[in-house]
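To start, the structure itself, in structure tokens.
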2 protein chains.
Amino acid sequence: MSVTRARPLLVDPHRSGNDCAHCGARAHSVCNAIDARDLDRLAAVAVQLSVEPGRSFIDEGDPAESFFNVTAGTAKLFKLLPDGRRQITGFAGPGHFLGLAVSASYSFSAEAVELMRICRFSRTKLRTLLDDFPAMEKRLLEVASNELVAAQEQMLLLGRKTARERLASFLIARSEMPVHCLGHKPGSAETVLLPMTRSDIADYLGLTIETVSRTLTKLKGEGLIEIPSTETIIIRRHVALDGIATGVDSGGTR
Amino acid sequence: MSVTRARPLLVDPHRSGNDCAHCGARAHSVCNAIDARDLDRLAAVAVQLSVEPGRSFIDEGDPAESFFNVTAGTAKLFKLLPDGRRQITGFAGPGHFLGLAVSASYSFSAEAVELMRICRFSRTKLRTLLDDFPAMEKRLLEVASNELVAAQEQMLLLGRKTARERLASFLIARSEMPVHCLGHKPGSAETVLLPMTRSDIADYLGLTIETVSRTLTKLKGEGLIEIPSTETIIIRRHVALDGIATGVDSGGTR
DNA sequence: CAAGCGCGTTGACGCAGATCAAAGCGCGCG
DNA sequence: CGCGCGCTTTGATCTGCGTCAACGCGCTTG
């Protein structure tokens, strides 16, 4: 299953996991449930890694030996069908915790979209650590609950929304993302950056690249958005776009 | 948002929540994380209710004041778009815990498919209880993790599978469900009971009733299943059906 | 700077599944 | 027992999006 991971992941040479205290992502991750004076215990089980764009660091079906915490960059999480059809179940930015699962093997794959920085925890070691820090377990439950809500929203999108509504929902959701999750300078609140390819967007929204491209072009033609570059979209009429996203529109400009 | 809940839920007259020790669903629910001698504390915050078929007991958008635990029967969980399009995100049987969410209001609705028996917990009371029983919090995290895995599987289904594959997946999943989740006598391992309507199935699989009906008829015509009654399906060729479900088939008998 | 390649856009056409319409069919009820 | 009603099935037709194909554009490479 780990065919794509030709070379080992890059272990950061000069500091392989011992400065949780200075980690920029801590404030936004589950790690902030651990008190500052106990951070050394967390650091002891963490290993910092870099992951190059396109490289996968979790492979569906592989034994689930580690948890991961994203500290920089973005990953796509996905599942595959035997014939290659792919569903991207989410994108994970800084602060995102990965690998929650009771099962002995990963139920999805993860691959870097941009250059990433991640923290790897041994599953067993983190589990024993959790016994000493119930606050962190609480945080994990919160995180999982929130992801569950997001997953249900995505099911609604995949099962019942039109291509137009899916793209609108995607853009609105991206525009509402907290700054730290994107890992770049803010720009205007209505400027949406898309580090992933059209193919990734299509596989996230259950569409084809062609439909994604065509639909974006249409939204642009209607003056709802601007597309200054492939990876940048500016929302011009946020309210109207949001109306489409939530299915209020339906009529109006088709 | 609570338009459909015309009458209040039925509070069981003779025992309104005080015998967790004899609860048939405990073995399969998060409640089994609590030691037998502490069950009285759990019982103190629980209220037993009955819910008639078709009656809703959670309404999306309402303030989330309670958690629920299903002890008998089945509920459908769903989200609506303003124009009435519906996505059923799951079915909850005995042992299923409902209401996990950080948000102050419910993010989905729940309605009984069959006559149900549920346990209601005050959100605040249960939360203080959780502080004393970290084992239960651990169980909740496990439950949430498993649901997350299931949700991702469903996203794959909704985003990338054909109608045929969706129905096959649905039937296989139902047939593999642990007996206690169905709340009825087993029958043959390959006999699948469907307490929900075709409309519910359609809204769960992101299809229409017509497509569900037609596809089932087709599967029957190919000798993969039998349909002795509307709410009963017998899987005749489990391996073949499973092949379709996981997308291995594609060719073969269309 | 020409060639090659990955990615995105655009157009023409086809089809899986939606929509529209009309029967069955089981079941409770008068 | 006949009637009505909700659910399901089946058929005919339509359509949003997928598929196939061509082309453009920016980047890398030699």
Side-chain angles (χ1 to χ4, degrees), chain A residues 53-54 76 81 83-87 111 113-114 157-170 193-221 225-233 244 247 249-251 253-254, chain B residues 53-54 76 81 83-87 113-114 157-170 194-221 225-233 244 247 249-251 253-254:
Chain A
K76 52 190 175 199
L81 286 173
D83 63 1
R85 279 174 287 173
R86 182 178 68 160
Q87 179 64 41
E111 185 181 313
V113 168
E114 308 166 293
L157 179 149
L158 292 171
R160 290 301 180 213
K161 290 188 182 178
T162 65
R164 185 181 170 80
E165 290 164 348
R166 294 181 199 202
L167 261 306
S169 300
F170 177 65
L193 289 193
L194 306 175
M196 67 293 288
T197 66
R198 294 290 187 263
S199 177
D200 290 339
I201 298 173
D203 284 348
Y204 179 56
L205 300 178
L207 301 169
T208 59
I209 5 175
E210 292 94 331
T211 299
V212 169
S213 181
R214 268 189 263 270
T215 306
L216 286 177
T217 304
K218 192 107 149 281
L219 291 175
K220 181 178 69 177
I225 62 171
E226 271 176 55
I227 313 181
S229 80
T230 299
E231 64 278 358
T232 315
I233 285 182
I244 295 171
D249 172 83
S250 88
T253 324
R254 273 274 166 154
Chain B
K76 53 190 175 199
L81 287 172
D83 64 1
R85 279 174 287 172
R86 182 178 68 159
Q87 179 64 40
V113 168
E114 307 166 294
L157 180 149
L158 292 171
R160 290 301 179 212
K161 290 187 181 178
T162 65
R164 184 182 171 80
E165 290 164 348
R166 292 181 200 202
L167 262 306
S169 301
F170 177 65
L194 306 175
M196 67 292 289
T197 67
R198 294 289 187 265
S199 177
D200 290 338
I201 298 175
D203 284 348
Y204 179 56
L205 300 178
L207 301 170
T208 59
I209 11 176
E210 292 94 332
T211 299
V212 169
S213 181
R214 268 189 263 270
T215 306
L216 286 177
T217 305
K218 192 106 148 282
L219 291 175
K220 181 178 67 175
I225 62 171
E226 270 175 57
I227 313 181
S229 79
T230 299
E231 65 278 358
T232 314
I233 285 182
I244 295 170
D249 172 82
S250 88
T253 325
R254 273 273 166 156

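Model, not experiment: these values are computed from the prediction.
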Report the distance from atom [atom1] of [X] to atom [atom2] of [N], rounded to the nearest whole Å.
{"X": "B/Leu194", "N": "D/dC7", "atom1": "CG", "atom2": "P", "value": "16 Å"}
{"X": "A/Lys161", "N": "D/dG16", "atom1": "NZ", "atom2": "C1'", "value": "18 Å"}
{"X": "B/Leu207", "N": "D/dC17", "atom1": "CG", "atom2": "P", "value": "15 Å"}
{"X": "A/Ile227", "N": "C/dC7", "atom1": "CD1", "atom2": "P", "value": "19 Å"}
{"X": "B/Leu158", "N": "C/dA16", "atom1": "CG", "atom2": "P", "value": "20 Å"}
{"X": "A/Leu167", "N": "C/dG8", "atom1": "CG", "atom2": "C1'", "value": "14 Å"}
{"X": "B/Leu219", "N": "D/dT9", "atom1": "CG", "atom2": "P", "value": "12 Å"}
{"X": "A/Leu205", "N": "D/dG18", "atom1": "CG", "atom2": "C1'", "value": "15 Å"}

**Request:** Have a look at B/Ile209 and say if it touches a base, only the backbone sugar-phosphate, or nothing, with a 4.0 Å heavy-atom cut-off.
**Result:**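 Nothing, no nucleic acid heavy atom in range.
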
**Prompt:** Do the side-chain N or O atoms of A/Ser213 get closer than 4.0 angstrom to the phosphate oxygens (OP1, OP2) of C/dG8?
**Reply:**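 Checking C/dG8 against A/Ser213, no side-chain N or O comes under 4.0 Å of OP1 or OP2.
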
**Asked** Does a side-chain N or O from B/Thr211 land closer than 4.0 Å to OP1 or OP2 of C/dA18, or not?
**Response**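 It does, given that an N or O in the side chain of B/Thr211 lies less than 4.0 Å from OP1 or OP2 of C/dA18.
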
**Request:** Using atom types as modelled and distance alone, determine if a side-chain donor or acceptor of B/Ser213 lies under 3.5 Å from a backbone N or O of B/Ile209.
**Result:**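 Pair absent, no side-chain N/O of B/Ser213 close to backbone of B/Ile209.
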
**Item:** Side-chain donor or acceptor of B/Arg166 paired with backbone N/O of B/Leu158 under 3.5 Å
**Value:**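 Side chain of B/Arg166 to backbone of B/Leu158: a pair is present.
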
Checking contacts here: which listed nucleotide ([options]) is nearest the side-chain heavy atoms of [X]?
{"X": "B/Thr197", "options": "D/dG18, D/dT8, C/dG17", "answer": "D/dT8"}
{"X": "B/Thr208", "options": "D/dT19, D/dT9, C/dT19", "answer": "C/dT19"}
{"X": "B/Arg198", "options": "D/dT9, C/dT9, C/dT10", "answer": "D/dT9"}

**Asked** Counting only distance, no hydrogens or angles, is the base of D/dC20 paired donor-acceptor with the side chain of A/Glu210 under 3.5 Å?
**Response** yes

**Message:** Should the side chain of A/Arg214 and the base of C/dG11 be counted as holding a donor-acceptor pair, with the cut-off at 3.5 Å?
**Reply:** yes

**Item:** A/Arg214: partners by side-chain hydrogen bond (donor to acceptor under 3.5 Å, both in side chains), with sequence neighbours left out
**Value:**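 Per chain and number, A/Arg214 pairs via side-chain hydrogen bond (donor to acceptor under 3.5 Å, both in side chains) with no residue.
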
**Item:** Heavy-atom closest contact (A/Arg160 atom, B/Leu207 atom, distance)
**Value:**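 Nearest pair, atom of A/Arg160 first, then B/Leu207: NH2-O, 2.7 Å.
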
**Prompt:** Can you name the closest pair of heavy atoms from A/Phe170 and A/Leu194 and give their distance?
**Reply:** CE2-CD2, 3.8 Å

**Asked** Heavy-atom distance under 4.5 Å between the side chains of A/Arg86 and A/Asp200, does that happen here?
**Response** yes

**Request:** Taking the side chain as every heavy atom from C-beta outward, state whether B/Asp203 and B/Lys76 have any pair of such atoms under 4.5 Å apart.
**Result:**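 Not in contact.
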
**Complete:** Per-helix bend value, the helix from C/dC1-D/dG30 to C/dG30-D/dC1, C1' rotation axes over five pairs per end, 10° rounding, shows 30°

